[in-house]
Amino acid sequence: MLKENVSKLLNEQINKEFYSAYLYLDIANYYINKGMNGFANWFNVQAQEEKDHAFLFIKYLQNNGFAVSLETIAKPEKTFKDFKDPLIESLKHEEFVTDSINKIYAEAVKVSDFRTQELLNWFVKEQGEEEKNINDLILSYDFYGKQGLFALDGNLMLRQYTAPSLILA
Ligand code: FEO
């Protein structure tokens, strides 16, 4: 049986993950409209991964007898001033999600909820990878520069979706 506060935070995290998927779909739409199909592909894959994260939290709560409550997903209200802007926004967003995961972890530690800590270990690692991925993309963007933007766009077309390594039966 999970403690009430940990369950509540995990339930809130579902919404944050779905919002992340929404945000990245919105960014993919932005790039599609600018003819940058590789950037759009990269963010579409990212959106799929975020949806997976939401489903993992749902499954974990269901497996632990918690009645999941789905809340309204906010509309992404971002307007982007240039091609780099969505990348910076994505990094900020991932840092926000990392912070959110860390807060749940801290709560699980406080109440000696070792099961939830075990679940969150995967997410802590995942957040590290996601921050690195978007940071690498920002570095590539700067490295390729305006002249190389379409070459970078071509490379980003190669990103493929892979299912999460965490499987909850
Ligand atoms: Fe699932 Fe990128 O946070």
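Whatever order the structure lists ligands and atoms in, that order sets their numbers, starting from 1. The chain is numbered in sequence order, starting from 1.
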| Shortest-distance N/O/S atom, Glu17 versus atom 1 (Fe) of ligand 1 |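 Of the nitrogen, oxygen and sulfur atoms in Glu17, atom 1 (Fe) of ligand 1 lies nearest to OE1.
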| task | With atom 1 (Fe) of ligand 1 as the reference point, give the N/O/S atom of His53 that is nearest. | result |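 Nearest to atom 1 (Fe) of ligand 1 within His53's N, O and S set: ND1.
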| query | With atom 2 (Fe) of ligand 1 at the apex, how many degrees lie between OE1 of Glu130 and OE2 of Glu94, rounded to 10 degrees? | reply |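 Once rounded, the angle between the two atoms at atom 2 (Fe) of ligand 1 is 100°.
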| query | So Glu71 and Ser69, side chain to side chain donor-acceptor pair (under 3.5 Å) or not? Walk me through it. | reply | CA-CA 6 Å; Glu71 306 298 332; Ser69 160; 2.8 Å; yes
| In Glu50, which N, O or S atom comes closest to atom 2 (Fe) of ligand 1? |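 Atom name returned: OE2.
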| Has Glu126 got an N, O or S atom lying less than 2.8 Å from atom 1 (Fe) of ligand 1? |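 So Glu126 does not count as coordinating atom 1 (Fe) of ligand 1.
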| task | For this output row, return yes or no: ring centroids of Phe43 and Tyr30 closer than 6.0 angstrom. | result |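 Not under 6.0 Å, so no.
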| task | Tell me, please, whether Phe55 has Lys51 positioned over its six-membered ring: NZ or CZ under 6.0 Å from the ring centre and within 45 degrees of its axis? | result |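 Verdict for Phe55: a cation-pi partner in Lys51.
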| query | Hey, what do you get for CG (Leu70) to CZ (Phe18), rounding to the nearest 0.5 Å? | reply |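 Output value for this atom pair is 6.5 Å.
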| field | Check: Leu23 and Tyr19 side chains under 4.5 Å, non-hydrogen atoms | value |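 Contact flag for Tyr19/Leu23 side chains = yes.
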